[in-house]
Participant: 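Here it is: the structure, laid out below.
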Amino acid sequence: MASGRVALISVFVWLCLVGGLCDQNVYPKVGALFVHKLDVEDYQQQFLNKSGNERTQPITFRANLEGFPDLPGWLRYTQRSPWHSGYLYGSPTKPGKHVIEITVYNRNTYEMLREKIIFHIRSTEDVPPPYRAEFLVENMDVEELLPPEAQHNFQVPLQAVWNTQRLSIINITSALDKGGRVPLPLPGLKEGVFIKVGSVVPFPECFYDTQNLQIRRQCRQGQKPPLCPEMLPNDFVIDWCNVSLVDELEPSPTPPSYEALEFDGKFYPPPDTLEEINYLPDYLLTILLPALIALLLCLLLSYIMCCRREGVEKRDSNTSELQLIHQQSIFSNTEELRRMAASREVPRPLSTLPMFNTRTGQRTSPMELASDSARVPLILSQQ
Ligand SMILES: *[C@@H]1O[C@H](CO)[C@@H](O)[C@H](O)[C@H]1NC(C)=O
Ligand SMILES: *[C@@H]1O[C@H](CO)[C@@H](O)[C@H](O)[C@H]1NC(C)=O
Ligand SMILES: *[C@@H]1O[C@H](CO)[C@@H](O)[C@H](O)[C@H]1NC(C)=O
């Protein structure tokens, strides 16, 4: 009997590890905070069973929507270090089914496990709580507020202030996701967590004080006014300057522009007041003025080119006559020069004589030079 049960359990464990039959089912509710813990000790135990390694192992996780690289928009994942448990948390916005794949890595041995968590998101009949308040808890990191005990510890004093048991935690967000800054790695400095709580019961008076103008001014000056004294002896440090309240039952004053848009069932087109617009001045300015200037410039240029050039008129009318006169004058001048050269008595210019030394003015007969050739270098005398 007992051995049969052991066999059954081992078959189940084998199916779970090999066949992936141990997919977990979880049932989050629309509009309520959902937290799933990925317990690091469980997985350490699984790796221990698989490989027989005695030491506890550092473990990290990766979570994604099946067939996609990331998680659905409403679901977040966090893990502080490989020795801490991981958390999947968020507040679903619409019903449906998600298959989330979890990959578990052993950081020492590089072993890996895969499992699936099937999210069946249920819709709720209850209307969302009309009074919703969001607080900033300054002295917490998000995974410190995710375990149910921490949420309970936060809720109990709040119930006392709110004077109701009907509180529900709607959402938890790390301040880092809302534009907060990563704190210095000093003890006591935490990221901060936004926690949204809803109820059907109206807010207590001290919540409204946070929206008070005087308190707001103090906040802007950097002071931290302590409000809701019942909450003070508490592990949670609430930033009363960073409380946002949503009150769906109190109608917010409608902006006046909204009334102007009221519709009485008829359509009145805007009156056809468009006058005929006279485009003539524009036309003159854009087309005619540049054309006029271009024409003026053109005329000016033609005048300079045609009328101000010297000799053009003459050349135009009797070019061939001009050329004839030119040739005639050259011819007669040459004739005259020839006549003068034939009748001259003057000696020839020195520069036209052979062997004239331009520097000394000395004249040497070429015949003299030739007889003296023994004293001249051979190369020169050959020339
Ligand atoms: C690991 O083995 C121990 C006993 O050998 C068993 O009790 C435990 O459930 C196993 N854990 C896992 C996660 O399989
Ligand atoms: C919960 O908080 C996250 C992060 O700010 C936001 O994206 C999401 O819309 C919130 N969900 C609800 C239901 O308010
Ligand atoms: C509220 O907290 C956010 C994130 O830390 C910060 O950016 C914002 O300035 C705070 N607002 C006030 C009024 O302190």
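One-based numbering, in listed order, for ligands and for the atoms of each.
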Participant: State yes or no: do Leu33 and Leu176 share one hydrophobic cluster built from I, L, V, M, F, W and Y residues joined by side-chain heavy-atom distances below 4.5 Å, directly or via other members?
Facilitator: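 Hydrophobic grouping puts Leu33 apart from Leu176.
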Participant: Under 4.0 Å from a heavy atom of Lys196: give me the atoms of ligand 2 that qualify, with their elements.
Facilitator: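 So the answer, numbered in order with elements, is 14 (O).
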Participant: Distance to 0.1 Å, residue and atom name: give those for the protein heavy atom nearest to atom 5 (O) of ligand 2.
Facilitator: Thr173 CG2, 3.4 Å
Participant: So which protein heavy atom does atom 13 (C) of ligand 2 come closest to, and at what separation?
Facilitator: Ser91 OG, 3.4 Å
Participant: Who's closest to atom 8 (C) of ligand 2 heavy-atom-wise, of Thr93, Leu33, Asn171?
Facilitator: Asn171
Participant: Does the plane of the ring in Trp74 sit parallel, tilted or perpendicular to the ring in Phe34? Use 30° and 60° as the thresholds.
Facilitator: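 Correct class here is perpendicular.
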Participant: Is the distance between the ring centroids of Phe135 and Phe207 under 6.0 Å?
Facilitator: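 Aromatic pair counts; centres sit under 6.0 Å.
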Participant: Quick one: do Ile195 and Leu167 end up in the same hydrophobic cluster if we chain Ile, Leu, Val, Met, Phe, Trp and Tyr together by side-chain heavy atoms under 4.5 Å apart?
Facilitator: yes
Participant: Determine, step by step, whether Glu335 and Arg338 satisfy the salt bridge (charged side-chain N to carboxylate O under 4.0 Å, His left out) criterion, reporting the C-alpha distance in whole Å, the side-chain angles of both residues, the deciding distance to 0.1 Å, and the verdict.
Facilitator: CA-CA 5 Å; Glu335 277 301 295; Arg338 283 207 182 119; 3.5 Å; yes
Participant: Among all protein non-hydrogen atoms, which one is nearest to atom 7 (O) of ligand 2, and what is the separation to 0.1 Å?
Facilitator: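 Going atom by atom, the protein heavy atom closest to atom 7 (O) of ligand 2 ends up being Arg76 NH2, 3.7 Å.
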Participant: Of all the atoms in ligand 2, which lie at a distance below 4.0 Å from a heavy atom belonging to Lys178?
Facilitator: 5 (O)
